[in-house]
Amino acid sequence: MTQSNELNGQRDAGVAETTDQFWAESALARSACYRRTAFAQPHITATGEPVPARFAAEDADIAKKAGVLDLSGLLRTGYRGAGTPELLGNAGLPIPARPNQAAAGAEGDWVLRLSNTEYWLLGSLANRGETLAKLPGLDACDSNCLDATPNACYPLFCMDSHGWLMLTGEHVSDVMAKLCGVDLREAEFPLGSIAQTSLARVNGIIVHQEINGLTAYSILCDNASIDYLWTALIDAVQEFGGGPVGLASVVG
Amino acid sequence: MNVAESVSPSVTGRLPAPMGLLLDRSQTVQFTFEGQTIQGVQGDTIGSALLANRQWLWSRSFKYHRARGPLTLSGHDGNSLVQLADEANVLADRTVADNGLEVSGQNVNGTLAKDKDAFLNHFGRFMPVGFYYRSFYKPKGIWDWWEKHIRTKAGLGVVDLKGQPEYYDKAYLFHDIVVVGAGPAGLNAALTAADAGVSVLLIEDNPVLGGSLTYADFVDHKEPEALRQQLVSRVDAHDNIRVMTNAICNAWFTDNWLPVLQGKRMFKVRAKECIMATGSYEQHVVFRNNDLPGVMMSSAAMRLMKHYAVKPGQQAVVLTGNDDGYLAAIQLQKQGVTVQAVVDMRPAPEAQAVLFDVEELGIPVLFDSTVYEATGGGADDRITAVEVRRIEAPGQVADKGQTITCDLLCMSAGYMPAYQLLCQAGGQLSYDDQQAEFTLSKLPEHLRIAGSVNSLHSLTAVAADGQRAALEALQALGYETDKSSLSVSCSRRVNYDWPIFPHPKGKDFVDFDEDLQSKDIVNATRLGYRDVQLVKRFSTVGMGPSQGRHSALPTARLVAKATDRTVTETGVTTARPPLVAEKLSYLAGRMFDPYRETAMHHRHKALGAKMIPAGTWQRPAYYPSNIGLTVDQSVEQPSRQNRDDCIEAEARHVRSRVGVIDVSTLGGIELRGPDAAELMNRIYTFGFLKQPVGKTRYAVLTNEQGVVVDDGVACRFRDDHIYVTATTTGVSTVYQLMTYWNTQWRLNVDITNVTAAFAAVNLAGPDSRKVLETLTDLDLSSEGFPYLACREGKIKVPGKFSDTTEIPARLLRVGFVGELGYEIHVPSRYGEALWDALMSAGAAFDIKPFGVETQRLLRLEKGHIIVSQDTDGMSHPGELGVTWAINRKKPYFNGCRAVDIVMKRPQTRKLVGFTLPAELVKAGKKPEEGHIVLSDDSSTSAITGHITSCEYSPTVGAIIGMAYVSIQQAETGGAFPVRVEGGQLVNATVVDLPFYDPEQARQEM
Amino acid sequence: MKIMPCPLNGPRNISEFTFGGEVTPLPDVKTATDNEWAENTFYSYNGTGVAREWWYHVPSGYWFVAERHRVTDEILRTYDPSELPADALNSQQEAFQ
């Protein structure tokens, strides 16, 4: 109870409201929880959007225990429809065999297959989303994106509909067990598994990845709930010596 | 003798090892009980330390305030409830004694030793069962007087209202096999399962593993501690077993969903297979004064010696109905207690060997005998002697008997399986007359029992049963196992069939918690409460803290006999979760309380907006800063006058200049593909097939009852692309409905809920075009971008550290607030930048933000309904006056048949606009939402409708609103009475909608 | 908490799902009488046996069919709606012809 009060306190008062101190505001596109990471050093991604790169010298150690990253500034996209495999094939990206499986591409991009015809793509942490930036129809807001993709391949709004957080380190499944009613222990949820489920009472997509040998669970969740989820994750990792970490701590 | 004299500060006098399994004798602990200092040893519970200091009076009983002491020493009875400084109802025999604890008795008037209410003991015959129900209700109303007095007398501990919150939370756990109870059955089950390679969770509510191996002696095993150590070391070394001690599995829910409480965390455990090795509760014997301090279960005396090295007394009598009593007598004698006699209710022991051992120690054994009455009067009201009589028939004794001096009486009448969790799971209890005990059957799949809960009573059989259950569970998980070892049986009989000896003077307790005597149960049946469930409700048997662990079996036997039925037919009362008292902190601890924020949320907060909830969102209601007010909302709320002033100022500003409101919470659904318009046409009431590209159209959704449930605006950006908005709270349902139908229609259209993907504002007011012109190259002229058109374009946003950049946008010319206005929808990541751009571009035009409450007033002036505010679960399109938005030439839309049916019926009510003079605001007579509309005929006072929206409109200069009224009242120019605050009536005048700008000149500029 | 085996996502807590009503064909929207239509809207079968029901997995937005025993509450089978026979659908196809 005490800690949740603290969280509410942060939500209401602890978050600075003045605009000068936020590096995220140097870009037009902003993560929905950028105020939470204001004290980090930013890094600019391939699409020009900043992500937190480094919080403190201990980042790498924390990332090995239970690190929380905000990757919302990093490129991700998605496509739905029977024409999607054609697009993925053209781009040289892997096509996972079954729904709820994910596969890594050569450059460190990940393809998430969410249903028979729906695929989401997560930009490479290593090249800061460079590979995906070449894909067609990235501006899903523009009607004419439909002309850029194959027939029956509809670009999705993943960059805006969902925020992207990542949990890293040896305690990922312990942390998830405090939030989520699905068994996400590594034995039951091996590398490349996807769970579309409810965590901390919001819907999300959880993907088991590996970044430079580090266990990493990406969490994609309703963008408007990302600030809430960030606080829930930070609360949950305390017990394991975890905390916020930057992109640099996992990709050097 | 008083308490002070009986309490000794000494910690010496403990029994030598191996007694004292739980103790660390190198350290002492010190706490106070009723103000007296108590010294204990590390590992003591409050209770064991009290007994080591010869403090046998622990509590006063609930009704008669009788002295009570230890009964089970395992937290299974209510006698051990004590008060801590900051916590009530703490079990003394389970709570570890910590340095500095302040412990006191509960339910006492005065002190525990000198309870002023102890006189009630002598008034028992005036307080029969059902006493309260039958005595305090006449004359009518007298209960109100009695209630407060009774409530003061009743009840247990005192809640510390100054308590500080602590951090409790929850976590999930997943295991192949979960074993509840780490006694000999549970340990064997866990090891067998883990050896096969599955992941095992072993849950034990005691601090050490071993269950009965930690305190009991066995006919068929001489070295239980050696066996325990061997099993526990294997468990500890096993990688596949996770052990949780001091953990309570507090319920069983469907599909093996187990809430397990440990420390300050509730684990929600999911087990593929569950094995309950929860053991059994030793049962008491019913005789007069069987509740005196010094009368306890044999197992309690064994626990006291083996766990805590406390000698339970000087002179003991063991009253038994099984051979376990003999084993207790032997252990007592070994530890220096003089056992005066073993009183065996049976004609002979089952195993001759135990009789031989007892006689060898010189302990006399009395067969076919029972204790008929115990006598108190010792220190702490402790027992001083028992009267033993010969049993002549079940429940009947000889006229005379012999008195034996003792300060300890141990009872072994038999065992009741720990049935509660299993009955929660749907298991059935049936009574085995041969064994005189309840057995469990009809358990659901994937749930098994093992050990004494499965009515097995030899250590060999209990251990083998653990293995058996594990092998069955492994088979269910698909493992190949040896099937030959799947049968376990045991002929040991441990339950005496009628350990109930009523006494003419009573105080022969069946239920210690509720002070219920055997005649209370029998009398309940004589009053007609023949069903055991009714007996419970009438007598409160089993309702106390021990929840029938000891009262269920004698109650079942007594009710069965009194109603001439079998014990199986009688049964026990329903067991419901939780198993043991569950602190609310487990439930109220860290809660997940999701909130949603729009991209512009922090800009509103920085402007000091008054926020209100909208579903899980927070939205600005209005901005006190717009009237120069700075209200620190963490300290005080804006006043009603502040609110009204703000709304008026914001509304005037939108009507005269330009305002901007965050509408990001509005739902959005993207329909793309060749059949986009076809899907729209089948879902919403209007026609959409011929909707031109670049135009918007009002979209009304009806449900299968013909009721309007949502509305929005459909924007056609391409032939194969429609973007349709929905209400903030309705969008998930609309999306679900569309996908539900298209799962069956299989139209060639992609449906995506893009609510969170777009941030949006409504830029409204006569100067809105001028503001927008500075930010886009789109042709904004009334010809180029007319009213109800929609466009895709770019918004130019000055970068803070870079040159001007463009962000993609969708623009809609809408008239919701009735002024020239543009809804601007952009990808949510750009939402904050859009807000900043509009605020800085608008500065030259004195742009001001406005909130949801102002928007509600503005749209009310235009007569636009808000679905769910101005509609209810009965509102059909005719009542709302939106029939113009229904196309009945098309073959189908969602709810079309129901709309036809309800619209055919004579209409009984209508939503109308009304006005009232502005003066009523000051007079406190302005109607509020929900106030009722009455019939014109004042003689009937019939309710004909209610107010749905009502505000003072500065633009109109009057109170305006919408209300449901009867058809007779709906005529323009007519009037209807409204009952406002305080029951006063005002007469509202029906007017045509809208209130403002009926020519639509302003929004179509 | 009960477990629902989702054909797309596997076994999940029932709290992740919403119920969508029984899989029963609607009367012909063009020819059904008002009474038939009202009956279909307001009455549902209340007997024993196996029910075929619509269920929706909220986190993934997926509709599927579950066959559930009305007495034991046992979920016997779940499958993708594409496996439903055409005559079981509430397709209202006649309305669009």
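Every heavy atom of this structure was used, including side-chain atoms; hydrogens, water molecules and symmetry mates were not. Proteins get letters first, then strands, A, B, ... in listed order; numbering begins at 1 in each.
- With sequence neighbours left out, the salt bridge (charged side-chain N to carboxylate O under 4.0 Å, His left out) criterion links D183(A) to R185(A).
- Each of S199(B), A171(B), A756(B) has some count of heavy-atom pairs under 4.5 Å with chain A, and the biggest count is that of A756(B).
- A donor-acceptor contact shorter than 3.5 Å is absent between the side chain of E597(B) and the backbone of D227(A).
- The two atoms that bring A140(A) and E670(B) nearest to each other are O-OE2, 4.3 Å, heavy atoms only.
- For C221(A), no part sits under 4.5 Å from any heavy atom of chain B, backbone or side chain.
- For E118(A), no part lies under 4.5 angstrom from a heavy atom of chain B.
- Proximity to chain B involves both the backbone and the side chain of D142(A), based on heavy atoms less than 4.5 angstrom apart.
- Of the atoms belonging to R270(B), not a single heavy atom falls under 4.5 Å from chain A.
- Smallest separation of non-hydrogen atoms from D235(A) and Y167(B): OD2-OH, 2.7 Å.
- We find the CG-CZ distance between L146(A) and R672(B) to be 5.5 Å, quoted to the nearest 0.5 Å.
- Remark: side-chain polar atoms of S828(B) are paired, donor with acceptor, to backbone N or O of D160(A) under 3.5 angstrom.
- If you tally non-hydrogen atom pairs under 4.5 Å between each of G673(B), G831(B), A599(B) and chain A, the highest count goes to G673(B).
- Contacts between C158(A) and chain B at a heavy-atom distance below 4.5 Å are absent for every atom of the residue.
- In this structure, R35(A) pairs ionically with E832(B), as a charged nitrogen and a carboxylate oxygen lie closer than 4.0 Å.
- Across every non-hydrogen atom of S143(A) and F717(B), the tightest pair is OG-CB, 3.2 Å.
- In terms of non-hydrogen atom pairs under 4.5 Å with chain A, the most contact-rich of K170(B), H825(B), E792(B) is E792(B).
- Annotation for A29(A) and Y830(B): closest pair CB-CE2, 3.7 Å, computed over non-hydrogen atoms.
- Residue Q736(B) qualifies as enclosed at atom CD: its count of foreign heavy atoms under 6.0 Å is above 12.
- Taking OH of Y154(A) as the start and NE2 of H721(B) as the end, the distance is 11.0 Å to the nearest 0.5 Å.
- Most heavy-atom pairs under 4.5 Å with chain B: of the set V202(A), I226(A), D139(A), this distinction falls to D139(A).
- With a threshold of 4.5 angstrom between heavy atoms, K794(B) approaches chain A through side-chain atoms but not through N, CA, C or O.
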- Query: Does the side chain to side chain contact (heavy atoms under 4.5 Å, CB included) test come out yes or no for R201(A) and M591(B), once each step is laid out?
  - Reply: CA-CA 10 Å; R201(A) 287 188 58 219; M591(B) 301 282 266; over 6 Å; no
- Evaluate the side chain to side chain contact (heavy atoms under 4.5 Å, CB included) criterion for residues D147(A) and R718(B): first the C-alpha distance (whole Å), next the side-chain angles of each, then the deciding distance (0.1 Å), finally the verdict. CA-CA 11 Å; D147(A) 296 333; R718(B) 285 166 50 129; 2.9 Å; yes
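- In terms of the side chain to side chain donor-acceptor pair (under 3.5 Å) criterion, E188(A) has no residue partners (sequence neighbours excluded).
- Across D174(A), T117(A), N151(A), L179(A), the residue that shares the most heavy-atom pairs under 4.5 angstrom with chain B is L179(A).
- Remark: side-chain polar atoms of R80(A) are paired, donor with acceptor, to backbone N or O of I751(B) under 3.5 angstrom.
- Side-chain atoms of R590(B) do not come within 3.5 Å of backbone N or O of A236(A) as any donor-acceptor pair.
- Of all heavy-atom pairs spanning F157(A) and A757(B), the tightest one is CB-CB, 3.7 Å.
- Interface remark: T752(B) contributes backbone and side-chain atoms alike to the contact with chain A (heavy atom separation under 4.5 Å).
- Residues F758(B) and C141(A) come closest through the heavy atom pair CE2-SG, 3.6 Å.
- The choice from S31(A), A152(A), P155(A), S72(A) that makes the most heavy-atom pairs within less than 4.5 Å of chain B is P155(A).
- The parts of D720(B) that come within reach of chain A are both its backbone and its side chain, each placing non-hydrogen atoms under 4.5 angstrom from that chain.
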